[in-house]
A.B. asks: 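Can you read through this structure? Questions will come right after.
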Amino acid sequence: MSEARDDDVQEFAALLGRLKERTDRSYGQLARRLNMNTSTLHRYCAGDAVPLDFAPVERFAALCGATPQERLELHRLWILAVAARQRSRTAAAEAKGAAVTPPSDPAPEPADEPVRDPASPEPAQRPWYRSRRLLVSAAVTTALLATLGSLSALPDDRTKGSDSVEAADPPRTTAPESPRPKSSRSPSPSPSTPSPSAGGSKEPSAKASGDTDRPSSKAGKPQPSTGVPLTWSADSHVWQAGCGHDYVIDKPPQQVAPPPNPQDAATWAGSHNAVHGRQTLVRITVQGKSSTAVVLEALRVRVVGRSAPMAGTNYAMDNGCGGALTPRYFDVDLDKDRPVARPADGNDSGVTIPAMRLPYRVSAEDPEVLLIDARTVTCDCSWYLELDWSSQGRTGTVRVDDRGRPFRTTANKGLKNYAYDTSARAWVPWEE
């Protein structure tokens, strides 16, 4: 029977392991997405533990891109694994309960200690009372000696000042009026600046203690942090597969420089007043400012301007290219009245890369890259993005744009197309 129970757990763990191997993420990366410890996720996949709730298993399956049939099978195996673990724990608990019988007698024994000597209750308490009284007396004596020592250590000018006060008004030297000498000593450092020992022994220490007291109170009760807890950077001159992109420029081919390297595309486009043709790929890098998790809640598209497509000439940065890797991205149709950033799967040599779905967690140690693919065939569109975040009970929104300006994408349908001929070192007409 125990072997059957182990088989149920191992089958469940094996399916988790197969799903995990589909992704390109480690246990630590997956655990952060699932808001659990890395060791806990590893124990689940190794069969050393079984989650009592199916919710984390469901999130794990979705993150790994499991099919509906695989999710049903995973749920069935999870039920069997949980039942197997519960049966084994019940059997173990019953075995321990039969072997160990906790005694019920020893509890009353301490109650007999106070009644150990009923004939003379007073002597039993007098040693304790006397020792307590001796301790209190010793503490008072120590405090008095410390006070006398501190008074004797005062500088000469302060002792003289205090003596003069006592001679003028002896009753003020009593304990209830002891704060008086402090107020009388406080003005003395200001006229006599050459005596820093007198002024620096009390007043700077009071300021230092005040400064340290304020942070200590804040440490006891954490103050809410302010500001945006994340940083971001955006690159709107990303080319498809690193080689393919179109720019619309209102200049003849003789006035357009050869295509740049992809890393120099922003400078090249700026010098020609080029506008993205048909497609704009924006790569956004998001990172927390500390190890505290920041949750990216939603990504929204805001179109702030639509007009007729820009007039000019379309210049292709390549004459056709392709790649085996298509990263996951957010697809944006700028021609819709209300464009939405829709998560889309990627592809790596035929293997599907699951789409990135919000909410998503980032931190200083765990940044993330979002790829936005915005397209249009009908307009000259100006747009930007809004990224909603939450962290430690706070929420906010950051605007993602092109260095303070909206991104711009124009349709290039019907325009003249040119591609660069490297052998002739010139732009030549080109048909798609």
Side-chain angles (χ1 to χ4, degrees), residues 2-86 88 241-242 283-288 291 293-296 322-331 342-371 373:
S2 61
E3 294 180 357
R5 293 171 187 169
D6 292 340
D7 290 343
D8 292 337
V9 175
Q10 293 305 320
E11 285 187 29
F12 171 70
L15 183 52
L16 290 179
R18 290 195 297 271
L19 293 177
K20 186 266 176 189
E21 292 301 324
R22 268 187 211 170
T23 69
D24 56 350
R25 293 191 175 98
S26 63
Y27 282 105
Q29 291 173 325
L30 290 171
R32 282 192 290 271
R33 304 295 183 273
L34 298 171
N35 293 325
M36 68 170 58
N37 293 329
T38 304
S39 59
T40 302
L41 180 60
H42 188 271
R43 293 177 64 203
Y44 291 162
C45 295
D48 296 332
V50 178
L52 296 179
D53 188 5
F54 188 70
V57 182
E58 176 67 20
R59 292 197 303 271
F60 177 83
L63 190 60
C64 296
T67 63
Q69 292 78 10
E70 288 172 331
R71 294 186 185 187
L72 287 175
E73 178 65 12
L74 192 62
H75 187 264
R76 185 185 71 83
L77 293 176
W78 171 76
I79 293 176
L80 294 176
V82 170
R85 281 297 165 93
Q86 288 179 346
S88 61
R283 181 170 54 226
I284 306 171
T285 303
V286 187
Q287 184 176 15
S291 57
V294 181
V295 179
L296 309 181
L325 174 63
T326 301
R328 56 185 182 176
Y329 62 97
F330 289 87
D331 185 40
R342 300 185 182 279
D345 294 336
N347 191 282
D348 185 5
S349 302
V351 178
T352 300
I353 303 175
M356 174 184 175
R357 302 185 184 277
L358 302 181
Y360 205 83
R361 188 177 72 169
V362 298
S363 65
E365 296 81 10
D366 191 17
E368 191 57 47
V369 177
L370 316 179
L371 182 62
D373 187 350

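Note that the numbering runs from 1 along the sequence shown for the chain. Being a predicted model, the structure only gives us computed values, none of them experimental.
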A.B. asks: Taking only residues two or more places apart in sequence, or in another chain, which ones meet Arg18 in a side-chain hydrogen bond (donor to acceptor under 3.5 Å, both in side chains)?
C.D. replies: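 Per chain and number, Arg18 pairs via side-chain hydrogen bond (donor to acceptor under 3.5 Å, both in side chains) with no residue.
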
A.B. asks: Is the backbone N or O of Ala83 less than 3.5 Å from a side-chain atom of Gln86, with the two atoms forming a donor-acceptor pair by type?
C.D. replies: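 Flag not set: sc Gln86 to bb Ala83 has no pair under 3.5 Å.
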
A.B. asks: Nearest 0.5 Å, what's the CG-CG distance between Asp8 and Leu80?
C.D. replies: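 Result: 5.0 Å between the selected atoms.
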
A.B. asks: Among all residues two or more places apart in sequence or in another chain, which pass the side chain to side chain contact (heavy atoms under 4.5 Å, CB included) test with Thr285?
C.D. replies: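 So Thr285 forms a side chain to side chain contact (heavy atoms under 4.5 Å, CB included) with Ser233, Val369.
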
A.B. asks: Could you work out, with salt bridge (charged side-chain N to carboxylate O under 4.0 Å, His left out) as the rule, every residue matching Arg361, not counting sequence neighbours?
C.D. replies: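 In terms of salt bridge (charged side-chain N to carboxylate O under 4.0 Å, His left out), with neighbours along the sequence ignored, Arg361 is linked to no residue.
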
A.B. asks: Glu70: which residues meet the side-chain hydrogen bond (donor to acceptor under 3.5 Å, both in side chains) condition with it, sequence neighbours left out?
C.D. replies: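 Here the qualifying residues are Arg22, Thr67.
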
A.B. asks: Within a strict 4.5 Å, meaning less than it, do heavy atoms of the Cys45 and Leu41 side chains meet?
C.D. replies: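 Heavy-atom side-chain distance check passes, below 4.5 Å.
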
A.B. asks: Taking only residues two or more places apart in sequence or in another chain, which ones pass side-chain hydrogen bond (donor to acceptor under 3.5 Å, both in side chains) with Glu73?
C.D. replies: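 Checked Glu73 against side-chain hydrogen bond (donor to acceptor under 3.5 Å, both in side chains); matches are Arg76.
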
A.B. asks: Show every salt bridge (charged side-chain N to carboxylate O under 4.0 Å, His left out) that has at least one partner inside residues 51-64, sequence neighbours left out.
C.D. replies: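 Checked against salt bridge (charged side-chain N to carboxylate O under 4.0 Å, His left out) - neighbours excluded - the pairs reaching residues 51-64 are Glu58-Arg71.
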
A.B. asks: Restricting to non-hydrogen atoms, name the atom on Pro56 and the atom on Leu34 that form the minimum distance, rounded to 0.1 Å.
C.D. replies: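 Nearest pair, atom of Pro56 first, then Leu34: O-CD2, 4.3 Å.
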
A.B. asks: How long is the span from the CG atom in Asp345 to the OG1 atom in Thr326, to the nearest 0.5 Å?
C.D. replies: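 So the CG of Asp345 and the OG1 of Thr326 are separated by 11.0 Å.
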
A.B. asks: Under the rule for side chain to side chain contact (heavy atoms under 4.5 Å, CB included), what residues qualify as partners of Pro343, not counting sequence neighbours?
C.D. replies: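 So Pro343 forms a side chain to side chain contact (heavy atoms under 4.5 Å, CB included) with Phe330, Ala355, Arg357.
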
A.B. asks: Which atoms form the tightest heavy-atom contact between Val286 and Leu296, and what is the distance?
C.D. replies: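 In terms of heavy atoms, the two residues are closest at CG1-CD2, 4.0 Å.
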
A.B. asks: Is any side-chain heavy atom of Phe12 closer than 4.5 Å to a side-chain heavy atom of Leu74?
C.D. replies: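 Yes, side chains in contact.
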
A.B. asks: Tell me, please, which residues at least two apart from Asp366 pass side chain to side chain contact (heavy atoms under 4.5 Å, CB included).
C.D. replies: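 Checked Asp366 against side chain to side chain contact (heavy atoms under 4.5 Å, CB included); matches are Arg32, Arg33, Ser363.
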
A.B. asks: Can you see which heavy atom on Val9 is nearest to which on Ala84, and at what distance?
C.D. replies: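 The answer is CG2-CB, 4.3 Å.
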
A.B. asks: Would you name the heavy atoms of Pro51 and Val82 that are closest together and state the gap between them?
C.D. replies: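 Looking at all heavy atoms of both residues, the closest pair is O-CG2, 3.6 Å.
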
A.B. asks: Would Arg328 and Glu368 pass as an ion pair if we require N to O under 4.0 Å?
C.D. replies: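 Here Arg328 pairs with Glu368 in a salt bridge, since their nearest N and O are under 4.0 Å apart.
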
A.B. asks: Does anything in residues 36-46 form a side-chain hydrogen bond (donor to acceptor under 3.5 Å, both in side chains)? List the pairs, not counting sequence neighbours.
C.D. replies: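 Passing the test, one end in residues 36-46: no pairs.
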
A.B. asks: So, for Ala13 and Ala46, which heavy atoms are closest and what is the spacing to 0.1 Å?
C.D. replies: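 Heavy atoms only, the tightest pair is CB-C, 4.1 Å.
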
A.B. asks: Any ring-ring contact (aromatic ring centres under 6.0 Å, His included) pairs touching residues 46-66, not counting sequence neighbours?
C.D. replies: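 Checked against ring-ring contact (aromatic ring centres under 6.0 Å, His included) - neighbours excluded - the pairs reaching residues 46-66 are Phe54-His75, Phe54-Trp78.
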
A.B. asks: Return the minimal non-hydrogen interatomic distance between Lys20 and Leu30, and the atom names on each side.
C.D. replies: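 Taking every non-hydrogen atom into account, CG-CD1, 3.5 Å.
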
